[in-house]
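See structure below.
None of these values were measured; they are calculated from a predicted model.
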Amino acid sequence: TPCARSNNNYAHQLASRLNLNLTDVSCSGATTAHLTGPRGAIPPQLDALTSDTRLVTLTIGGNDLGYIGGLAAASCAGLMTKTGIEAECPPMIAPPAEKTYADLAVRMDFIAKEIRRRAPQAHLVFVDYLAVLPESGTCAATPLDEIQADGARYTARRLAEITRTVAAQNKARVITASEFSKGHDACSDDPWMNGYPRPGSPVNGTLYHPNGKGMTAIANALAALLKD
């Protein structure tokens, strides 16, 4: 599908484990605008909600900030510089402005309230982003310079803060994947996150997206949370 949706993502794993009826409308590259409005032929994601919905899990916001797209563009350019191989890289993305962060917080709050309105009986759980980069430095799987890497880490921290704040404002719960995945970034010996592939290397999943282990870790955390 255009959404590059996985049948092994954390929602599918959780539904299989707990025998839940799942409607998966996750979509790679989605922004907050695509939850309440269409994305070409793809209907608004929140249209999947009904009054019978009992659980909503939501990972959103990174694409509003150009987080993963910015990492990919910078990594492409960085790899070409390191290897001397020419490639067509996407345009570089500027770091988010303060207004961008503020606007995202407003939109995420609106989305949480809209979920409550459409599915008043549902448990709402925000799932923030797994760690992409180590807490300092880079590696072959993350061909960035230090300024780019530190900028991406800052964006990730701000996104996690916004997610926690919006969840608290709307009495929702949070899976802090950004915290428990530390040490399992794309540079680790046991990564839960795909890095940026070097030329000629096999591409094992979508770049800078969770791998199977990462999805399982989130599913485990969700299962534990729902037992409380």
Side-chain angles (χ1 to χ4, degrees), residues 2-6 9 26-34 39 59-101 103-104 127-163 176-215 217-218:
C3 289
R5 194 174 297 143
S6 169
N9 62 23
S26 58
C27 197
S28 180
T31 68
T32 51
H34 302 132
R39 183 182 181 184
T59 301
I60 197 68
N63 292 314
D64 293 69
L65 301 176
Y67 174 38
I68 299 302
L71 277 169
S75 295
C76 180
L79 191 57
M80 296 312 103
T81 299
K82 291 174 187 293
T83 63
I85 299 172
E86 292 188 8
E88 188 172 335
C89 295
M92 299 290 276
I93 298 175
E98 277 303 313
K99 185 178 186 302
T100 307
Y101 289 115
D103 289 347
L104 175 61
V127 180
D128 75 5
Y129 287 65
L130 290 166
V132 176
L133 301 175
E135 293 186 72
S136 63
T138 59
C139 65
T142 61
L144 308 161
D145 64 35
E146 279 302 317
I147 293 174
Q148 292 165 338
D150 287 342
R153 280 186 274 263
Y154 178 78
T155 298
R157 286 195 299 272
R158 291 292 300 273
L159 177 55
E161 290 168 3
I162 290 169
T163 302
T176 53
S178 58
E179 291 296 324
F180 67 69
S181 62
K182 287 180 178 178
H184 294 283
D185 53 81
C187 291
S188 78
D189 292 333
D190 183 23
W192 293 352
M193 175 66 57
N194 294 317
Y196 195 88
R198 301 183 77 82
S201 64
V203 179
N204 183 21
T206 306
L207 59 88
Y208 290 139
H209 277 62
N211 61 23
K213 285 185 176 181
M215 289 297 187
I218 294 174

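Using a 4.5 Å cut-off on side-chain heavy atoms (C-beta onward), Arg39 and Cys27 make contact. Contact annotation: the side chain of Met193 approaches that of Val132 to within less than 4.5 Å [non-hydrogen atoms, C-beta and beyond].
A 6.0 Å sphere centred on CD of Glu135 holds no more than 12 heavy atoms belonging to other residues, nucleotides or ligands.
With sequence neighbours excluded, no residue forms a ring pair (Phe, Tyr, Trp, His ring centres under 6.0 Å) with His209. Considering only residues two or more places apart in sequence or on other chains, Pro90 meets the side chain to side chain contact (heavy atoms under 4.5 Å, CB included) condition with Ala73, Cys76. Remark: Pro143 engages Ser75, Leu79, Lys82, Tyr196, Tyr208 in a side chain to side chain contact (heavy atoms under 4.5 Å, CB included) (not counting sequence neighbours).
For the atom pair Leu130 CG and Met215 CE, the distance stands at 7.5 Å (nearest 0.5 Å). With rounding to the nearest 0.5 angstrom, the CG atom of Leu104 is 4.5 Å from the CD1 atom of Ile162. Atoms NE2 and CG, on His184 and Asp189 in that order, are 10.5 Å from each other to the nearest 0.5 Å. Between the CD1 atom of Ile218 and the CG atom of Asp128 there is a distance of 8.5 Å, given to the nearest 0.5 Å. Residue Lys182 holds its NZ atom at 14.0 Å from OG of Ser188, rounded to the nearest 0.5 Å. Going from atom CD1 of Ile60 over to atom OG of Ser26 covers 10.5 Å, rounded to the nearest 0.5 Å.
A pairwise comparison of heavy atoms in Asn9 and Arg5 identifies ND2-CG, 4.3 Å as the closest pair. In terms of heavy-atom proximity, Tyr67 sits nearest to Ala152 at CE1-O, 3.6 Å. The minimum heavy-atom distance linking Pro210 with Asn194 is given by the pair O-ND2, 4.0 Å. Looking at every heavy atom in both residues, Leu207 comes nearest to Ala72 through CD1-CB, 3.7 Å. Heavy-atom minimum distance, Gly195 versus Ala186: CA-CB, 3.8 Å. Closest non-hydrogen pair, Pro191 versus Asn211, comes out as O-ND2, 2.8 Å.
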Checking Thr155 against Tyr101 for the side chain to side chain contact (heavy atoms under 4.5 Å, CB included) test, could you report, in this order, the C-alpha distance in whole Å, the side-chain angles of both residues, the deciding distance, and whether it holds?
CA-CA 9 Å; Thr155 298; Tyr101 289 115; 3.4 Å; yes

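In this structure, Ser181 contributes its side chain and Ala131 its backbone to a donor-acceptor pair below 3.5 Å.
Here the options are Asp103, Asp64, Asn63, the test is side chain to side chain donor-acceptor pair (under 3.5 Å), and the partner is Thr32; only Asp64 passes. Checking Asp150, Leu144, Asp185 one by one against Leu133, the side chain to side chain contact (heavy atoms under 4.5 Å, CB included) holds for a single residue, Leu144.
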